[in-house]
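It should be emphasised that the depicted structure is a prediction, and the values quoted were computed from it without experimental measurement. Lettering follows sequence order; numbering is per chain, from 1.
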Number of protein chains: 2
Amino acid sequence: MQSLLRNFKVVIHESLYLKDPETSDLGKNIVGESILLIDEIGFEKFTFKKLGSRIGSNESSIYRYFENKHKLLLYLTSWYWAWMEYKLVFRTANLNDTQEVLRTAIEVLSEETKQDSDFSHVNEKILNAIIISEFSKSYLTKEVDKENKEGCFSIYKRLVGRFENIIQNAQPNYPYVESLASMVIEGVLHQHYLKQHFPSLTSCDETTMPHEFFTHLVFSTLNLSTHE
Amino acid sequence: MQSLLRNFKVVIHESLYLKDPETSDLGKNIVGESILLIDEIGFEKFTFKKLGSRIGSNESSIYRYFENKHKLLLYLTSWYWAWMEYKLVFRTANLNDTQEVLRTAIEVLSEETKQDSDFSHVNEKILNAIIISEFSKSYLTKEVDKENKEGCFSIYKRLVGRFENIIQNAQPNYPYVESLASMVIEGVLHQHYLKQHFPSLTSCDETTMPHEFFTHLVFSTLNLSTHE
DNA sequence: GCAATAATAATAGTAATACTATTAATTGTA
DNA sequence: TACAATTAATAGTATTACTATTATTATTGC
């Protein structure tokens with residue numbers, strides 16, 4: 001997988017940037033370091049000025065790549081979901097059994113990113129961490145409908161759509177595919193967050209992984225046995 | 001219920017305010033109008049200055065009640081969850097069957113607030129709307145652990161705890177109560193948001209209510225029949 | 001009814017944010 | 001070498017998120 005990922009280039013909707021950050025060292029640096037800085041100080045306190053001084057570059061140079069920090073967040077989240085989609089498709093590719101596909105999909109969606117796969121300027125482990133705490137902020141805004149029309153969330157929606165298909169294939173009669181798919185993808189992030197900050201509100205800990213909870217949930221909701 | 005609610009006074013942890021807004025007209029006005037203003041322009045663009053000019057009062061006067069806008073949001077969300085807890089307890093009070101209690105609880109948690117119950121300065125319908133789009137922002141911050149220790153989220157945690165008990169009573173063997181409870185409460189808000197802004201990602205629409213999806217989900221996960 | 005006290009309003013001021021605009025310096029490429 | 005594109009540096013603006021001070025208005029205690 002490592003080597004395959006080396007050839008993986010994320011295609012991000014061009015309304016999310018002014019200049020494609022993949023086309024220059026500065027651009028890659030902006031993306032790579034913004035992930036680390038957002039993780040350290042949180043999105044609210046993150047500014048282009050701070051990022052500039054961190055990468056030894058100027059505030060205004062960053063503005064040539066991204067309109068503002070919100071668009072940068074949209075870029076990073078799109079990157080993450082494109083990467084997740086890639087993992088999902090790859091890991092379920094050669095499976096024949098629809099239930100096996102479903103089980104694997106839930107695993108891919110809910111597993112922690114253990115280590116930086118290190119095929120690019122992006123640290124996926126830390127990107128995963130900021131998705132858990134910042135993703136919601138990318139769409140819980142007053143501009144959501146406008147940005148949605150512009151295609152800012154298309155990668156995420158495509159991923160949810162893929163997961164919907166996987167669910168539907170495993171259980172063609174289930175009537176709430178869309179809600180189940182979106183709830184699991186969002187719920188996984190939420191459970192990871194609770195594990196870190198509100199342990200009393202989750203059953204997930206060192207011994208119980210989110211994926212166990214979600215596998216049980218989805219399979220019993222779909223009236224399928226988990227073979228466990 | 002209307003008349004009972006008239007006697008209902010929400011007790012909010014005092015670390016969330018500098019001066020209890022319930023003790024003056026200005027305070028009540030701050031709370032009441034902040035809900036409307038946040039709903040109109042969104043939490044990011046909401047400022048005490050704008051609120052001040054809206055209520056014909058001064059910015060600095062608002063600072064005597066709330067340390068900053070984040071604390072005000074914590075106050076409003078606590079108020080909402082306290083009100084929800086009240087509705088939950090009240091509506092499940094005289095039910096004997098544990099499954100009936102569970103069904104009702106899911107209904108209370110996932111139903112839309114249809115109209116302002118008008119027993120206070122708070123418009124619950126609009127408060128419900130801002131909870132859907134702003135609640136996550138109250139805890140997805142770098143200060144979450146510190147504020148959690150101070151008790152800022154205790155009402156919410158208590159509500160989740162109550163729902164956990166309801167689930168556990170209906171099915172004592174279920175191993176993921178905490179996660180199921182927290183996921184449903186959060187998931188309800190998420191499905192409502194999707195319904196408004198990403199209809200393709202949810203099965204909920206004019207004819208299908210979130211509560212149907214969640215009832216089916218919870219009952220099948222707990223291996224209980226829904227009698228439907 | 002008056003004084004004391006508390007609450008509110010008005011004003012001013014600060015550091016930081018979220019940008020935009022202009023010009024200068026550097027680098028790549030034909 | 002030249003000229004185009006990129007990046008850096010500087011400056012500037014309006015707004016935000018406050019704090020501090022003083023003035024005014026209400027409330028309550030005696």
Residue set satisfying side chain to side chain contact (heavy atoms under 4.5 Å, CB included) with A:Val177, at least two apart, ordered chain then number -> A:Glu164, A:Ile167, A:Gln168
Categorize B:Lys50 for me: base, sugar-phosphate, or nothing, with a 4.0 angstrom heavy-atom threshold over every strand shown. sugar-phosphate
Scan A:Ser57 against the nucleic acid and name what it touches under 4.0 Å (heavy atoms): base, sugar-phosphate only, or nothing. sugar-phosphate
Kindly assign one of parallel, tilted or perpendicular to the pair A:Tyr139 and B:Phe198, based on the angle between their ring planes and the thresholds 30° and 60°. perpendicular
OP1 or OP2 of D:dT6 sitting under 4.0 Å from any side-chain N/O of A:Lys19? yes
What does A:Ser61 touch in the nucleic acid at a heavy-atom separation under 4.0 angstrom: a base, only the sugar-phosphate, or nothing? base
Nearest of D:dC18, C:dT8, D:dA8 to any side-chain atom of A:Leu26? D:dA8
Could you walk me through whether B:Phe163 and B:Ile106 pass side chain to side chain contact (heavy atoms under 4.5 Å, CB included), step by step? CA-CA 9 Å; B:Phe163 189 43; B:Ile106 296 170; 4.1 Å; yes
Tell me: CD of A:Glu59 to P of D:dG12, nearest whole Å? 15 Å
Tell me whether the guanidinium CZ or amine NZ of B:Lys69 lies under 6.0 angstrom from the six-membered ring centre of B:Phe48 and within 45° of its axis. no
Using only side-chain N and O atoms of B:Ser60, determine if any of them is under 4.0 Å from OP1 or OP2 of D:dT22. no
Taking any heavy-atom pair under 4.0 Å as a contact, classify B:Lys69: base, sugar-phosphate, or nothing. sugar-phosphate
Geometric class of the A:Tyr193/A:His197 ring pair [parallel <30°, tilted 30-60°, perpendicular >60°]: tilted
Would one find a side-chain N or O of A:Thr47 under 4.0 angstrom from OP1 or OP2 of C:dA16? no
Heavy-atom nearest nucleotide on DNA chain C taken for B:Arg64 and for A:Lys49; more 5' hit belongs to B:Arg64
Between atom CG in B:Asn68 and atom P in D:dC18, what is the gap in whole Å? 5 Å
Along DNA chain C (nearest heavy atom to each residue), the more 5'-positioned of A:Glu67 and B:Asn58: B:Asn58
Figure out the NE2/P separation between B:His70 and D:dC18, and round it to whole Å. 11 Å
Using atom types as modelled and distance alone, determine if a side-chain donor or acceptor of A:Asn58 lies under 3.5 Å from a backbone N or O of A:Gly52. no
Categorize B:Phe66 for me: base, sugar-phosphate, or nothing, with a 4.0 angstrom heavy-atom threshold over every strand shown. nothing
Under 6.0 Å from the NZ atom of A:Lys49, do we count more than 12 heavy atoms belonging to anything else shown? no
Could you state the atom-to-atom distance from CG of B:Asp20 to P of C:dA7 in whole Å? 12 Å
Spacing of A:Lys71 atom NZ relative to C:dC19 atom C1', expressed in whole Å: 14 Å
Taking the inter-plane angle between the rings of B:Tyr80 and B:Trp83 on a 0 to 90° scale, is it parallel (under 30°), tilted (30 to 60°) or perpendicular (over 60°)? tilted
Counting side-chain heavy atoms from CB outward, which of C:dT8, C:dC19, C:dA9 is closest to B:Ser24? C:dT8
Take the protein atom CD1 of A:Ile41 and the nucleotide atom C1' of C:dT17, then report the distance between them rounded to whole Å. 12 Å
For A:Ile55 and D:dA9, what is the distance between atoms CD1 and P respectively, to the nearest whole Å? 12 Å
d(NZ, A:Lys28; C1', D:dT7) in whole Å: 17 Å
Among residues 133-148 of chain B, which residues get a heavy atom nearer than 4.0 Å to DNA chain C? none
Reckon A:Tyr63 touches a base, only the sugar-phosphate, or nothing at all at heavy-atom distances under 4.0 Å? base
